[in-house]
There are 2 protein chains.
Amino acid sequence: MGRWEPDARGRLERAALELYLERGFEQVTVAEIAGRAGLTERTFFRHFADKREVLFWGQGALRDIFVDTVAAASASTSPIDAVAEALAAAGAIFHERREHARRRQAVIDANAGLQERELIKLASLAASLAGALRRRGVPEPAASLTAEAGIAVFKVAFVRWVSDPGEPDLPELIRESLDELKGALITGVLANAPTTLNG
Amino acid sequence: MGRWEPDARGRLERAALELYLERGFEQVTVAEIAGRAGLTERTFFRHFADKREVLFWGQGALRDIFVDTVAAASASTSPIDAVAEALAAAGAIFHERREHARRRQAVIDANAGLQERELIKLASLAASLAGALRRRGVPEPAASLTAEAGIAVFKVAFVRWVSDPGEPDLPELIRESLDELKGALITGVLANAPTTLNG
DNA sequence: ATAGTGATGTCAGTGACTGACATCGGTCAC
DNA sequence: GTGACCGATGTCAGTCACTGACATCACTAT
């Protein structure tokens, strides 16, 4: 047996989510989280940069899936389709964690500061995605725009998936949402310049 | 003459931007900002919810332009074109404030917390935009997706406009970026289902 | 053994933010 | 006019997120 109980970071993560669910993010002090995990406040801040980050640690895995899937897409795949593959692959890993995702999202939805943190994580994902597209030869600003559109699709699909228990799989919702976005943008193009489409 | 110097809020805004530029956001205390404005720390927090908000107060006007322009678009205008009109209208109001926008953005770009605040303001704009589209009869999730795509276009265009002095007008950049996004999404559609387009 | 090493604890401090109460010109009812 | 009220500001004490410096001590390598 080691000098300390194992998995201090995991204990802190679980204690924090429990307490945030019980009383709300603002009503919980870091000292309480650390106490429930059998640690001290100072140790909490050695594992997480701040009180919010404890809910977001582990996003690195998601970024890796995005980047690797885009990089692995066949050379003939269009940028938006490469992004679609990445979104579906990322969506798949939530399959087993739907209840956990729902609980976590309930905490985030109740606090503006946590929403801010979530948004900057998504923006960081979009930046990584744009970088992966650039490495495929997609020029700016197309790379950033495609990446931002992809993250927007992910956001909208995720909200639907989390909020409605009857919704289908997340990857399925992502496909539907992407088609919906394409339709919404193309409607305008068809209406404005229908004769040029097959030129 | 009144009991106090006028425009306390404006004095706080100007003092904060000056100090953030001189020494960086984190190296400035609220007490210093208030002192330069001839006020106390407590009064700062009566005008702004927190130290970051002093850079973002006034976003309400932007939201009004977005919402009003979408509401005023003719009934035959497609959702994405209504959003495009709103983005161009919003972009136009930055015309006279390019230097101010550049200075402010330099401060924001140097601090993660300020970027978080900027992102939640943009997300709030997207939500307002989606609401305006719903009031035109656009169903979900098309309304949210169109709004998010519009904000993504605005973000990308704004970054280009602020970072490159040689760039054209912001409304012009917004139009270009939107066309670029349409092209990026439609490429896939044309490649996958070219025969159905005029069906 | 002895000298690290690394995760943790202890402690003192800074600064953002809040609640309660005081101040005091200006304004309004009468 | 005068007194009641109002609203922007000041004062003060407090909480809590977060940080830096230093101590501890089981474990490990030599």
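In what follows, chains are A, B, ... by sequence order, proteins preceding strands, each numbered from 1.
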Figure out the [atom1]/[atom2] separation between [X] and [N], and round it to whole Å.
X: B/E5; N: D/dG10; atom1: CD; atom2: C1'; answer: 16 Å
X: A/Q27; N: D/dA17; atom1: CD; atom2: P; answer: 11 Å
X: A/H47; N: D/dC18; atom1: NE2; atom2: C1'; answer: 16 Å
X: B/R9; N: D/dA8; atom1: CZ; atom2: P; answer: 10 Å

For this session: Using a cut-off of strictly less than 4.0 Å, decide whether A/T40 has a side-chain nitrogen or oxygen near OP1 or OP2 of C/dG9.
Result: yes
For this session: Using only side-chain N and O atoms of A/T43, determine if any of them is under 4.0 Å from OP1 or OP2 of C/dG9.
Result: yes
Problem set entry | Charged N-O contact under 4.0 Å between B/R11 and B/E5 |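 Between B/E5 and B/R11 there is no salt bridge, as every charged N stays at least 4.0 Å from the carboxylate O atoms.
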Problem set entry | Other cluster members, A/V159 - Ile/Leu/Val/Met/Phe/Trp/Tyr, side-chain contacts below 4.5 Å |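 So far as hydrophobic clustering goes, A/V159 is joined with none.
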Problem set entry | Other cluster members, A/V67 - Ile/Leu/Val/Met/Phe/Trp/Tyr, side-chain contacts below 4.5 Å |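 Other cluster members: none.
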Exercise. Taking only residues two or more places apart in sequence, or in another chain, which ones meet A/K51 in a salt bridge (Lys or Arg N to Asp or Glu O under 4.0 Å)?
Worked result: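 If we apply the salt bridge (Lys or Arg N to Asp or Glu O under 4.0 Å) test to A/K51, skipping adjacent residues, there are no hits.
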For this session: Could you list the residues that satisfy salt bridge (Lys or Arg N to Asp or Glu O under 4.0 Å) with B/R36, not counting sequence neighbours?
Result: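 Salt bridge (Lys or Arg N to Asp or Glu O under 4.0 Å) list for B/R36, sorted by chain: B/E18, B/E22.
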Problem set entry | Pairs meeting criterion side chain to side chain donor-acceptor pair (under 3.5 Å) with involvement of residues 126-135 of chain B, two or more places apart | B/R134-B/E140
Exercise. Please, which pairs that meet side chain to side chain donor-acceptor pair (under 3.5 Å) have at least one residue in residues 112-123 of chain A, sequence neighbours excluded?
Worked result: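 Every pair satisfying side chain to side chain donor-acceptor pair (under 3.5 Å) with a residue in residues 112-123 of chain A: A/D50-A/R117, A/E53-A/R117, A/E53-A/K121, A/Q105-A/E118, A/E116-B/R52, A/E116-B/R117, A/R117-B/E116.
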For this session: With the side chain of B/W4 defined as its heavy atoms from C-beta on, choose the nearest nucleotide among C/dG9, D/dA8, C/dA7.
Result: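 Per side-chain heavy atoms of B/W4, the pick is D/dA8.
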Exercise. Got a sec, which residues hit ring-ring contact (aromatic ring centres under 6.0 Å, His included) with A/F45, two or more places apart in sequence or on another chain?
Worked result: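 If we apply the ring-ring contact (aromatic ring centres under 6.0 Å, His included) test to A/F45, skipping adjacent residues, there are no hits.
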Problem set entry | Base versus backbone protein contacts along nucleotides 13-19 of chain C [heavy-atom cut-off under 4.0 Å; B, S, -] | ---SBBB
Exercise. Which residues within residues 104-124 of chain A lie with some heavy atom under 4.0 Å of an atom in DNA chain C?
Worked result: none
